[in-house]
Student: 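Please see the structure below; I have some questions.
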Protein chains: 2
Amino acid sequence: MDLTERKRRILRAIIESYIQSAEPVGSKAIAQAIGMEVSSATIRNEMADLESMGLLEKPHTSAGRIPSPKGYRLYVNELMEEHKLSLQETERINQALRLKMQELDRVLDQAGRVVSQLTNYPAFALSSGMDRVTIRRFDLLMVERNAFIIVVMTDSNIVRNRLIRLPSDLTEAQLQMLNTLLNTTFTGLTLEEITPELMRVAQHAAGDAYGLISLVVSFAIEVLESLERRTVHTSGLAHLLELPEYRSLDRAQPLLSYLSEDADPARFPVPKDDPMKILIGPENVADALKDTSVVVASYDIGDGMRGVIGVVGPTRMDYAKITARLSYLAEGLSRLFGQGELPDGRNDHK
Amino acid sequence: MDLTERKRRILRAIIESYIQSAEPVGSKAIAQAIGMEVSSATIRNEMADLESMGLLEKPHTSAGRIPSPKGYRLYVNELMEEHKLSLQETERINQALRLKMQELDRVLDQAGRVVSQLTNYPAFALSSGMDRVTIRRFDLLMVERNAFIIVVMTDSNIVRNRLIRLPSDLTEAQLQMLNTLLNTTFTGLTLEEITPELMRVAQHAAGDAYGLISLVVSFAIEVLESLERRTVHTSGLAHLLELPEYRSLDRAQPLLSYLSEDADPARFPVPKDDPMKILIGPENVADALKDTSVVVASYDIGDGMRGVIGVVGPTRMDYAKITARLSYLAEGLSRLFGQGELPDGRNDHK
DNA sequence: ATTAGCACTCAGAGAGTATGAGTGCTAAAA
DNA sequence: TTTTAGCACTCATACTCTCTGAGTGCTAAT
């Protein structure tokens, strides 16, 4: 059986109605939506066909039809019209980019927050853990006789610092020596390359100052570790409860706990080749997401790394609107990072 | 009518049973809990008295009794026994302090996360915005000809940094000059004291390099602003839904939206004089919290500043357990910060 | 002061019924 | 061959009614 133009129109009308109302759609309503060119009986026949093609489903005999995941897929691939962002929408996103990014101190993670506010769905943001990060340079700044600041900068242009206080005093000369030693011995090394042997070598070279060396190096290790670690941030989980499909706690609970707090980054889908990906219901690998859809977009954060933001919702989510907003935001983020100037001080990528 | 010893025992038994089960407590159950010294009829009489004293309530005629807020208050003040933390519990908290604090990069905010995991209730953490922060020193570190790192340190020993890239090149001498100018002109100033006039003066002094000055100063302003701003972080909101009183979404929804995301710090109670405060039901100012209880504790973050962590839950929350855990954690945090060594690099307080 | 006994209350569960939106099928009309 | 009107059928939902049992307050006896 082939998908005539009329069938497509009907399918699209059904999906768009269902996206709006979350209620099964009946033949009569569609007849009207289509424009009364045919009667509801005809629509019924068509709907029966669409069902046998696997594009529609019936919650029970005497309800209307709802789209199947396959139906949504067809819709997303072929039927869906690009949602044009209104001036207000783009303005709102731009504002979020400008304002929020200045306010929030961990841009990467907090991008998720913006997404969730923008879409009114729960959102997540992944920081893509980097491989093989190394320290490019160390700087030690004397503050008082017994305190100094460590500043380390990685090869991916991330800068981190820490204030260290010491029980004993310290001369400018010592610090200078330390600085040289660090920059000659510990730059350009990955986490694995900082071995105990290396530390022993450093111990020989440094003598008394070895205690200081190990303080600085363990800070460097912390920095490298934190950068290699991938992290998830979820936000707007409460939005889930606003949706009719999650009014019942039994439905909401498992999804919430899947998403909440210390979620495992590996559980979240990431777009591979394309900048954006839509996963509908069972297309998701994770069991907890089998009844939900996920839209993910990635954005450029410089140095060839990509950040990921995504939205989670019921399969009937408004794909057109969400994808439009998400991709606009992702583009904005890419631009922001691509320019080489991060608004926040503690996360500097090129 | 006075509160005899027996009445107190009965009240306590009722409250502790209700805390456990969330079900109205009947006279028979209490007779048993007390030890069968008296019959249920006697308990009923006592309960009637307790009710007329405003310590108990009836959801309806033929249910058992539940404690009133006044009852909880009495319990908390006089009846409650100190909950002794078990070895496992203290160990768990210590571990959270050690481990989590190293992992998480924004200790202050993330303290809330630990609380929520520790108590299984939604939790919040406030960073107490500081007054009159000033920059104590600026450091500029040359990275490449067209890039340098700004490091600023505030009078409260917080260090922040940012990498700046420039379209044009820059000499070491220029940077040196800039450094001196910044450290003579812009240190020790509060946000309000950095006026346009001051900027004009700096413009005269700096000449061509003014563009750089304004870059650095606007970064400093950002830092000062971010420190003066009080922020809330809530976590573990999903725990709310595990509680029987919030199984119905209509109850949970308003509280969730009150707590969620961009909540206003001013809405959250803070302990004033004592290190810990319990607010029971209507004792809360905020309408949305009228049916809930809040336990808040503050901890020392150095430089005379205090952080606040708190737990939100139904009025029947297990005050004994929660307060014990919260205060132990708060003490641990105070110790951690008090030592002057913060585990994370980007938030250095004394 | 305590207790046994008893009538009374009332939320919640379960059963039965009505409602109506929506379907599939058939047979006639286009 | 396609479309349509008509009709019997389905079934989730809402509603009503009744029953049950935990729990109460009161009274009279201990």
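Just so it is clear, the values below take in all heavy atoms, side chains as well, and ignore hydrogens, waters and symmetry mates. Residue numbers start from 1 in every chain, and the chains themselves are labelled A, B, ... in the order their sequence lines are given, proteins ahead of strands.
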Student: Report the residues that fulfil ring pair (Phe, Tyr, Trp, His ring centres under 6.0 Å) with B/Phe124, sequence neighbours left out, ordered by chain and then residue number.
Tutor: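 Ring pair (Phe, Tyr, Trp, His ring centres under 6.0 Å) check on B/Phe124 returns B/Phe268.
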
Student: Sugar-phosphate atoms are those with a prime plus P, OP1 and OP2; base atoms are the rest. Using that split, label each nucleotide of nucleotides 22-30 of chain C B, S or - for protein heavy atoms under 4.0 Å, 5' to 3'.
Tutor: SBB------

Student: Using a 6.0 Å cut-off, check whether atom CD of A/Glu91 has over 12 heavy atoms from anything other than its own residue.
Tutor: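 Atom CD in A/Glu91 is packed in, count exceeds 12.
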
Student: So which pairs with a foot in residues 55-68 of chain B pass side-chain hydrogen bond (donor to acceptor under 3.5 Å, both in side chains), sequence neighbours left out?
Tutor: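 Found B/Glu51-B/Arg65.
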
Student: Kindly write out the residues that satisfy ring pair (Phe, Tyr, Trp, His ring centres under 6.0 Å) with B/Tyr319, not counting sequence neighbours, or none if the list is empty.
Tutor: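 Checked B/Tyr319 against ring pair (Phe, Tyr, Trp, His ring centres under 6.0 Å); matches are B/Tyr72.
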
Student: Taking the minimum atom-to-atom distance to the side chain of B/Ser39, which one of D/dT4, D/dC11, C/dA4 wins?
Tutor: C/dA4

Student: Which atoms form the tightest heavy-atom contact between A/Gly313 and A/Thr292, and what is the distance?
Tutor: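 A/Gly313 and A/Thr292 have their closest heavy atoms at O-CB, 3.1 Å.
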
Student: Rounded to the nearest angstrom, tell me the gap between atom CD in A/Gln32 and atom C1' in C/dA21.
Tutor: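 Rounded to the whole Å, the gap is 14 Å.
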
Student: Counting heavy atoms not belonging to B/Arg73, are there more than 12 under 6.0 Å from its CZ?
Tutor: yes

Student: Judged by each residue's nearest nucleotide on DNA chain C, which is more toward the 5′ side, B/His60 or B/Thr42?
Tutor: B/Thr42

Student: In residues 3-12 of chain A, which residues come under 4.0 Å of DNA chain C by heavy atom?
Tutor: none

Student: Scan B/Glu46 against the nucleic acid and name what it touches under 4.0 Å (heavy atoms): base, sugar-phosphate only, or nothing.
Tutor: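 Contact class for B/Glu46: none.
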
Student: Please name all residues satisfying side chain to side chain contact (heavy atoms under 4.5 Å, CB included) with B/Arg247, sequence neighbours left out, ordered by chain then number.
Tutor: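 Here the qualifying residues are A/Leu249, A/Asp250.
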
Student: Whole Å only: how far is the CD1 atom of A/Ile66 from the P atom of D/dA12?
Tutor: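 In whole Å, D/dA12 P lies 14 Å from A/Ile66 CD1.
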
Student: Which heavy atom in A/Ser27 sits nearest to a heavy atom in A/Ser40, and how many Å separate them?
Tutor: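 Taking A/Ser27 first and A/Ser40 second, the nearest heavy atoms are CB-O, 3.6 Å.
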
